Structures are given as C-alpha cells and as structure tokens.
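This report refers to the structure that appears directly beneath it.
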2 protein chains.
Amino acid sequence: MASTPTTAPEFPHHSVSSSGASTPSFSPLYQQIKGLILQSLQAGEWRPGELIPSEMELAARFKVSQGTVRKAIDELAAENLVMRRQGKGTFVATHAAQQVQYRFLKLHPDTGDLQKEGRAQRSILECKRVRASAEVARLLQLKSGDAVIQARRVLTLSGTPTIVEDIWLPGHAFKGLSAEQMGSYQGPTYAMFELEFGVRMVRADEKIRAVLPDEEQAQLLQVSTSTPLLSVERVAYTYNDTPMELRRGIYRTDTHHYRNELS
Amino acid sequence: MASTPTTAPEFPHHSVSSSGASTPSFSPLYQQIKGLILQSLQAGEWRPGELIPSEMELAARFKVSQGTVRKAIDELAAENLVMRRQGKGTFVATHAAQQVQYRFLKLHPDTGDLQKEGRAQRSILECKRVRASAEVARLLQLKSGDAVIQARRVLTLSGTPTIVEDIWLPGHAFKGLSAEQMGSYQGPTYAMFELEFGVRMVRADEKIRAVLPDEEQAQLLQVSTSTPLLSVERVAYTYNDTPMELRRGIYRTDTHHYRNELS
DNA sequence: GAGTGGTCTAGACCACGCG
DNA sequence: GCGTGGTCTAGACCACTCA
C-alpha cells in the first residue's frame, strides 16, 4: 500500500523529488507520522503524563503499518518527548513525577550520592511584569518592549544558598504568574508551567562562564565578591524550537559541580 | 530460526530466564550481536576510519537477519562508535577527519561563527613520566605509584592563550609518548592517540567549576590571579568504560563560553 | 487472558555513491 | 548497474502489566 494508496491519505507519501530543486524534498513516511504525532502533542490532544494511543491504533489512524509508527515513536522517545513502558503503553513526557527530580539542572553534590540531598529549598525574591530589554527580546524571539515576567529566586541545597537565578518568561504565555505561585508549588518549576500554563519545556541550550558576583549576588549566596562562580545562561524551548524561558543562574561550586557527559 | 537453530550458534540465543534469579538474565539477540561487533572493534579487527562489513555480510556471519544486525548497528551509531553512510557503508568512528574538529571540546567563541576560528595553536610545556598520585590513580583506575605520563600544554585560540591543560595518561598504554609527538601532530590529539597508540576515546565525563588561577596558570593565560576561570576535569574512556585519560583544563571565558545542549 | 510495547524475520522497494 | 544503507510492510512470537 505504500506506493499506491487507494484511500486518499491526508499527508503526502513520497513526494516526487522535483527535478532541479535544491532543498532536500524527501521525507520518509515515519518522519511524516512523527510530525503528525508531534502536532497532536503540541495541540494538547494528550496532556503531559497521559497515555497516548497504542501503536496499533495510531497505525490504523494513519493508515500505515505498526512498524512505521514504532519508528516514529522511537525518535520521539529518544528526544524525551514521550516515554515508553512495556506492557502499559506510551506516555507523554512530563517534568512532574519523573525519574530525576530536575531534568535540566546539572549541578551535582561533590560527595558521591545522587541528587537526593533533599529537595531544593526555593525562595522567591521578586516576580514582576516588565518590558523586554533588547537582549532578552532577542533571546526569547520577542520584540523589544514586549511584556515579560521577570523573577528572581534563590535555591538552597543542604542548607547552603547555592544558586541565584533570574528568570524571564514571555508575558503572553505566562499571564498572571505570581511569586506565590512560584514559591508554593511542590516539585519542579517546569512541572508547574505544564500544569498552570500548558507550557512544556522540551529542550534547552546553556552557555557557561566563570564570573565574579556583584554585591547583591554575593550577599544572597553568602560569599565574597571575589569568589569565582559559575554563570549559566539557559534558553529553554517548547515544541517547534520556540524559546519560552530565559534563565540566568549563578552557581556556587565549592561543594557542587556542573556535570556533563560527552559522547 | 530464532528459537531452534539447527547449526550450533557461538552465542546464546534466548537464555531461559532462570526461575528465582534476581538479575535481568535476558538479552535480546541484537544486543548480543552488538556485543560481538563491539568485541571486533575493541580487538582492532577494523581500524578507525575503516569500512566494516556490510549488514548482509554481518547477518550471514552471525546467522541472523539483516534487521537484527541493523538494530545492533543503529545503537552503535547512536553512541558514535560507528558512522553510517548511505550508499557507501558503515565506518569505524575516528577523531581524525571528522565533521567537527574537536568532538569533546565544548568551548565556543561568543561571536556567532562555528568553531572554525582557525585551528587551536598548541604549545607543549612539558611531558614526563611520573608516578600516579592517589587521586590520579583513583580516577584512572590504577594503583597509587603506577607509571603515568603527565603533560601540560597551552591552547591559543585566535591569538589569545585560552586554555591550559594538565593531562595524565596510563604509562603502560602510552609508553614512549613525547612532547614532540604531542606538539607536532596536526589535528586532534585524540586522533594521534588512535594512530600512534591504538587507543580510541569513545566517551567522557566532565566536572565543571569556577576557580581562580594559581600564579603559573594566570601567567600562562595572561590574566590576573583574580580572574574567574572555568575548571574542567575530564575523564575520557575507551571501550568497556575503561578510563584512559584524565585532563584538568582551565578555560578563559571572556571571549568564549562552554556550550551545552540539554534534552 | 487480553493488551501493550519489544524482538525477530523475510521480502520488497527506494535513495545514494561509484565505477 | 551494482552494492550499500534506508524505508516499509506483514506476521509471528516474547516479555511485561493488570484485571
């Protein structure tokens, strides 16, 4: 059925490669299926944590074989957008109730143990509506002067203030976000974003530098202004590579380190 | 043929899950095939950059279907151990002649462009045979006092000394490594390790901190001792998770940053 | 026992690289 | 035109989960 479907498919099969075209112009079926599933995820047809239809059902819906759906889901699972569980089904990934508490936080305690040094204690210093500076606007793909929510908080690990973070969020998507909301929610902030605003962060880029703190940062972290600290600038993206958060964090690295695995 | 092979296979098919056993004790065929291919890679049956047998040939050799070999190779490719090229074949991955010049170096220039700011200029300060300290021995899984090669070098990017690195290598595997050898080789040092010592680094762990340089480091990087710098401790591994290099780098981050992608 | 994802197979055809 | 990896299919059976 691959080459001559009798029932009209809603998506192009193998589009004939145009003669002198320069762009790729060829997309395997499973990529098209992946795109369709992605659309459903993005549209909220299935919410974070929920079960999506079985491979057989999706195969029937899209009029392809189970193997093709499988390959599409394989890629989505590799990108951490869904989670497969043998015997149960495939679930929409969520930052809540996950295997690791903070998926995007790569700061680990020096002393062996995993990141289970108790939950990080959050302290929200401010959360206000402001206008985007040129740089914030650029990184969030907004226009200068657009409304953004700006928040500052301190994370305390094992009783030591270790991280001070400034967070910028597009105003339109996070309308009404309050300091109370940020402080009271138990669990990852990204899980709260899913629940309260329907915004799922699926990937992020970080730029890391060594810096000295300014007076205020030094005071918040209880270190001197000559203590070297890690500066971590993170841009987090939802589906479609749309940036939805800018985060500038300053990390103490006297008892913790940023861990990275290369391959 | 999967369940009742008539010709005796050299590897266990589905080993019957022992009754009250606690360990997994079940390995899919493709994982066993992957293990066999891995052994050949490790044994040097095919050298870095070389073509490995086609999927059909391997399927015949191992008496399984092409699809099973494909899945094994898929995983090896995902781990960057081999590289597939449609129409040509599957090649053993190499640090030489790769798409990115330095696969494990995550330092990028701030000003947009890719890492093509010209090649890094290397300056080897020393390269000597010493005895492993307790900590070096622990990280390289050697015994305290075992012979190790210790080297120090400075990398200059765009005319600015940006990185000073101390490198420790197990003496037994890198016998005869000289400062000349480290300095004269064109291209990634890891490529030289492949060529000269048959040691392939396949993955690495990094621990990152912010530090202040000591007098010597400051002088080498032409900064003051109060300039915050990135400390990057890397342990690089060959096959079988065997550590083969410890590297302690100090990075200037005034014109560059450490880039990381999370997902 | 029914349903899910996971493995394995065999065969067909497609896109690519190269002689 | 041939060989390579890449896609797609259809069907069988296995391992896991849960009622």
Side-chain angles (χ1 to χ4, degrees), chain A residues 1-6 9 11-19 21 23-35 37 50-60 62-78 82-92, chain B residues 1-6 9 11-19 21 23-35 37 50-60 62-78 82-92:
Chain A
M1 108 112 221
S3 50
T4 56
T6 52
F11 45 88
H13 262 246
H14 295 190
S15 57
V16 177
S17 52
S18 48
S19 50
T23 39
S25 95
F26 164 70
S27 169
L29 234 198
Y30 77 88
Q31 285 287 4
Q32 302 175 36
I33 303 301
K34 180 185 171 189
I37 298 176
E50 275 184 16
L51 189 64
I52 77 172
S54 73
E55 296 178 351
M56 287 303 251
E57 284 179 80
L58 290 171
F62 298 130
K63 304 261 182 33
V64 299
S65 78
Q66 186 195 9
T68 301
V69 170
R70 169 173 295 274
K71 185 143 190 191
I73 294 181
D74 276 349
E75 291 211 349
L76 293 172
V82 299
M83 232 187 62
R84 329 189 69 155
R85 277 199 270 167
Q86 184 174 156
K88 302 189 72 175
T90 302
F91 298 79
V92 181
Chain B
M1 109 110 221
S3 49
T4 55
T6 52
F11 45 88
H13 263 246
H14 295 191
S15 57
V16 177
S17 53
S18 49
S19 49
T23 39
S25 94
F26 164 69
S27 170
L29 233 198
Y30 78 88
Q31 285 287 4
Q32 302 177 36
I33 303 300
K34 181 184 170 188
I37 298 176
E50 275 185 14
L51 190 63
I52 76 172
S54 73
E55 297 178 350
M56 288 302 251
E57 285 178 81
L58 290 172
F62 298 129
K63 304 260 182 33
V64 298
S65 78
Q66 186 195 9
T68 301
V69 171
R70 169 172 294 274
K71 184 143 192 191
I73 295 181
D74 276 348
E75 290 210 350
L76 294 171
V82 299
M83 231 187 59
R84 330 189 67 154
R85 277 199 270 167
Q86 184 174 157
K88 301 190 72 174
T90 302
F91 299 79
V92 181

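These figures come from a predicted structure and were not determined experimentally. Each chain gets a letter, A, B and so on, in the order the sequences are listed, and its residues count up from 1.
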key: Verdict with supporting geometry, A:D74 and A:R84, side chain to side chain contact (heavy atoms under 4.5 Å, CB included)   = CA-CA 9 Å; A:D74 276 349; A:R84 329 189 69 155; 2.4 Å; yes

request  = Begin from the C-alpha positions of B:V64 and B:Y30 and carry the test side chain to side chain contact (heavy atoms under 4.5 Å, CB included) through to its verdict.
outcome  = CA-CA 9 Å; B:V64 298; B:Y30 78 88; over 6 Å; no

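Of all nucleotides listed (D:dG6, C:dG5, D:dC8), D:dC8 comes nearest to the side chain of A:Y30. Between D:dT9, C:dC8, C:dC18, one nucleotide has an atom nearer to the side chain of A:T68 than all others, and that is D:dT9. Nearest nucleotide to the A:L29 side chain, out of C:dT7, D:dT9, D:dC16: D:dT9. The nucleotide whose nearest atom lies closest to any side-chain atom of B:V64 is, among D:dG5, C:dT9, D:dT7, C:dT9. Here the side chain of B:E57 is nearest to one of C:dG6, D:dT4, D:dT7, namely D:dT4.
Rounded to an integer number of Å, the gap from A:L58 CG to C:dG3 C1' is 15 Å. What separates CD of B:Q31 from C1' of C:dG6 is a distance of 12 Å, to the nearest Å. Computed from coordinates, the A:Q66 CD to D:dT7 C1' distance equals 16 Å when rounded to whole Å. We find that NZ of B:K71 is positioned 16 Å from C1' of D:dC8, with the value rounded to whole Å. Rounded to a whole Å, the CZ atom of B:F91 is 10 Å from the C1' atom of C:dG17. The CE atom of A:M56 sits 10 Å away from the C1' atom of D:dG11 (whole-angstrom rounding). The CZ atom of A:R84 sits 15 Å away from the P atom of D:dT17 (whole-angstrom rounding). When the P atom of D:dC8 is taken as reference, atom CZ of A:F62 falls 14 Å away, rounded to whole Å.
The phosphate of D:dT4 (OP1 or OP2) has no side-chain N or O of B:T90 nearer than 4.0 angstrom. Within the structure, every side-chain polar atom (N or O) of B:S65 is placed at least 4.0 Å from both OP1 and OP2 of C:dA10. Regarding contacts with the backbone of C:dC16, every side-chain N or O of B:K88 stays at 4.0 angstrom or more from both OP1 and OP2.
A heavy-atom distance below 4.5 Å is not found between the side chains of A:F62 and A:L29. A heavy-atom distance below 4.5 Å is not found between the side chains of B:K88 and B:M83.
For the side chain to side chain contact (heavy atoms under 4.5 Å, CB included) with B:L58, the qualifying choice from B:I33, B:T68, B:T90, B:I52 is B:I52, the only one to do so.
Nucleotides of DNA chain D nearest to A:G87 and A:G67 differ in position, and the one nearer the 5' end is that of A:G67.
Using a 4.0 Å heavy-atom distance criterion, B:R85 is classed as a sugar-phosphate-only contact.
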